[in-house]
Amino acid sequence: MNAAIKSIGVYLPEFIAKNDDLAKAKGLDTNDEWIRSRSGIAERRMVQDSSILTADIGYFAAKNAIEKAGISTNEIDGIIAGTMSPDKQFPALACCIQAKLGCGRAFAFDITAACGFIPPALNTAALMIRSGQAKNILVIGAEICSRIMDWSDRGTCVLFGDGSGAILLSAIEDESRGFVGSALAADGSLTSILYLNTLGAQDSFLRMEGTSVYKLAVTELANITKKALEKAGLSVNDIDLFIPHQANVRIIQSVGKTLGLSQDKVMVNVDRYGNTSSASIPIALYEAEQQGRLKPGMLVAMPAIGGGMNWGCVLFRW
C-alpha cells in the first residue's frame, strides 16, 4: 500500500486586507510599494470575528476535505495538525479539531514546526499509512497569524495572513502514485532568528530576523529539495510542479532559479494570501488543483522552512 493525496480542503477568511488599507488601519509607516518590493505580497486574508478560533478554521478546512473525498468522519483514522497561533498552550489543536469533527476513534497530535510543518507532517502520515497503522489521515495547517503579530513591527507584521488547509491522505494499492519520499533537517542553534514566546508571556509576538531567515531559506530549500530527489533516485528535471512554502516571492523565485526550474513549474500565490505559515502549502496545492495544474503522474515537490530552524521537502506522485 502507498499513501496518496485523496482531497484538499481550505478555509480562507472573507476579509481581504490590501497593503495600503492595512497600513492605514494599523497606523504603519509603510505602503504598498514598500511591501510589494520586499515580499511580493499585495494582500492577505484576515479573521475579523474574535470569536472564531484557530480550531474552528482548521475544522472548516478538514470538513471541506472530507466532503470532497466522499467519506464519513468515522473513516478518519488520525489527525496531524500544525499551527504557530494556537488557541491554547494545550491540548493539541488536532484534538480540538477531532472533537469538532466528531471522529472520536481517530488519533490526534500536533507537530510544532511553524512554517515548516507540511514536510514532516506528510512524511509521518504517509509512513503510518504505508506501515498499515491507518488508512485515512488528515494533515491540517491552521493559522490566525494576525493575532500573534506586533503591529508596530512593520518589517514582519505585513508579511503574514490567516487561513487553513487540510490534506487528506488515504491508502491506495497503486504504488506508482502517492508518497515518493522526503528529506528533513534542522538546526536548533538558530532558534533566535524566528520564534514566538509562550502564550501570555510579556513579549508573546512573533519575532523574526528577516535577513537571516531569507539567507537560510534560499540556500536550504534548494538543498533539501535536491536531497529528497537524490534519495528517491530522481533529479530536478523530474519535477513537474514545485509548490514551496509561500513566505516571500523573492525566496520562491531565488530557489526556483537555483534549481533551474522554469516559472511555469513554480506555484506562487503569496501575493494574494501572504505567509499563512503551516497552511501555505495546502492552500497553494488546493489552488494548483483548482487551476488544473495537477495531472495524473506528475511529480510534485513541496519544500518548507520554519522556526526551529527546521526545513524539509516531501515528494508526491499525483
Side-chain angles (χ1 to χ4, degrees), residues 2-5 80 82 111-131 139 141 167 169 175-191 193-194 212-268 270 275 277-278 280-282 284-285 288 294 297-318:
N2 198 10
I5 296 174
I80 301 175
I111 291 178
T112 304
C115 302
F117 165 70
I118 284 298
L122 287 181
N123 180 76
T124 300
L127 295 180
M128 292 184 78
I129 289 173
R130 290 179 67 157
S131 69
V139 171
I167 299 172
L169 288 190
E175 293 190 6
S176 68
R177 293 181 53 231
F179 178 71
V180 174
S182 68
L184 305 173
D187 186 345
S189 70
L190 299 173
T191 56
I193 67 173
L194 180 56
S212 298
V213 172
Y214 179 92
K215 290 179 179 178
L216 185 72
V218 296
T219 300
E220 296 303 341
L221 286 176
N223 289 342
I224 204 70
T225 299
K226 291 176 182 177
K227 186 174 181 180
L229 289 165
E230 182 181 352
K231 289 172 65 178
L234 299 167
S235 73
V236 172
N237 292 332
D238 293 306
I239 295 176
D240 295 300
L241 191 60
F242 188 67
I243 306 182
H245 167 52
Q246 303 288 307
N248 180 308
V249 73
R250 292 167 59 203
I251 292 175
I252 296 170
Q253 290 173 344
S254 179
V255 174
K257 183 177 181 180
T258 298
L259 293 173
L261 294 170
S262 58
Q263 290 187 2
D264 63 307
K265 286 189 175 184
V266 181
M267 181 67 189
V268 178
V270 67
N275 181 346
S277 185
S278 64
S280 80
I281 289 179
L285 188 65
L294 290 166
M298 276 189 165
L299 181 69
V300 182
M302 295 174 277
I305 187 168
M309 292 292 290
N310 73 88
W311 55 94
C313 179
V314 63
L315 306 172
F316 271 79
R317 184 73 66 180
W318 199 252

Roughly how far apart are [X] [atom1] and [Y] [atom2], rounded to 0.5 Å?
{"X": "I239", "Y": "L315", "atom1": "CD1", "atom2": "CG", "value": "7.0 Å"}
{"X": "S182", "Y": "F316", "atom1": "OG", "atom2": "CZ", "value": "9.0 Å"}
{"X": "L184", "Y": "T124", "atom1": "CG", "atom2": "OG1", "value": "7.5 Å"}
{"X": "Q246", "Y": "N275", "atom1": "CD", "atom2": "CG", "value": "9.0 Å"}
{"X": "F179", "Y": "L127", "atom1": "CZ", "atom2": "CG", "value": "5.0 Å"}
{"X": "K257", "Y": "Q263", "atom1": "NZ", "atom2": "CD", "value": "11.0 Å"}

Shortest non-hydrogen contact between [X] and [Y], atoms and distance:
{"X": "A288", "Y": "L241", "result": "CB-CD2, 3.9 Å"}
{"X": "I224", "Y": "A183", "result": "CG1-O, 3.5 Å"}
{"X": "G82", "Y": "S278", "result": "O-OG, 3.0 Å"}
{"X": "N237", "Y": "K265", "result": "O-NZ, 4.0 Å"}
{"X": "A126", "Y": "A3", "result": "CA-CB, 3.7 Å"}
{"X": "P120", "Y": "G116", "result": "CD-O, 3.1 Å"}

message: What verdict does the side-chain contact (heavy atoms from CB on, under 4.5 Å) test give for I118 and H245, after you've listed the backbone C-alpha separation in whole Å, the side-chain angles of each residue and the deciding distance to 0.1 Å?
response: CA-CA 9 Å; I118 284 298; H245 167 52; over 6 Å; no
Could you tell me if the side chain of [Y] sits less than 4.5 Å from the side chain of [X], heavy atoms only?
{"X": "L261", "Y": "V236", "result": "yes"}
{"X": "C313", "Y": "P119", "result": "no"}
{"X": "T258", "Y": "L221", "result": "no"}
{"X": "I5", "Y": "L285", "result": "yes"}
{"X": "V266", "Y": "V255", "result": "no"}
{"X": "I305", "Y": "V213", "result": "no"}
{"X": "L234", "Y": "V180", "result": "yes"}
{"X": "R130", "Y": "N2", "result": "yes"}

message: Determine whether T225 and F242 satisfy the following criterion, side-chain contact (heavy atoms from CB on, under 4.5 Å), listing intermediate values before the conclusion.
response: CA-CA 10 Å; T225 299; F242 188 67; 3.8 Å; yes
Does [X] reach the main-chain N or O of [Y] with its side chain, forming a donor-acceptor pair under 3.5 Å?
{"X": "S131", "Y": "M128", "answer": "yes"}
{"X": "Q253", "Y": "I251", "answer": "no"}
{"X": "R317", "Y": "G297", "answer": "yes"}

- request: For the pair W311 and N223, evaluate side-chain contact (heavy atoms from CB on, under 4.5 Å) and give the outcome as yes or no after the intermediate values.
  value: CA-CA 10 Å; W311 55 94; N223 289 342; over 6 Å; no
task: Run the numbers on I252 and M267 for side-chain contact (heavy atoms from CB on, under 4.5 Å), then give the verdict.
output: CA-CA 9 Å; I252 296 170; M267 181 67 189; over 6 Å; no
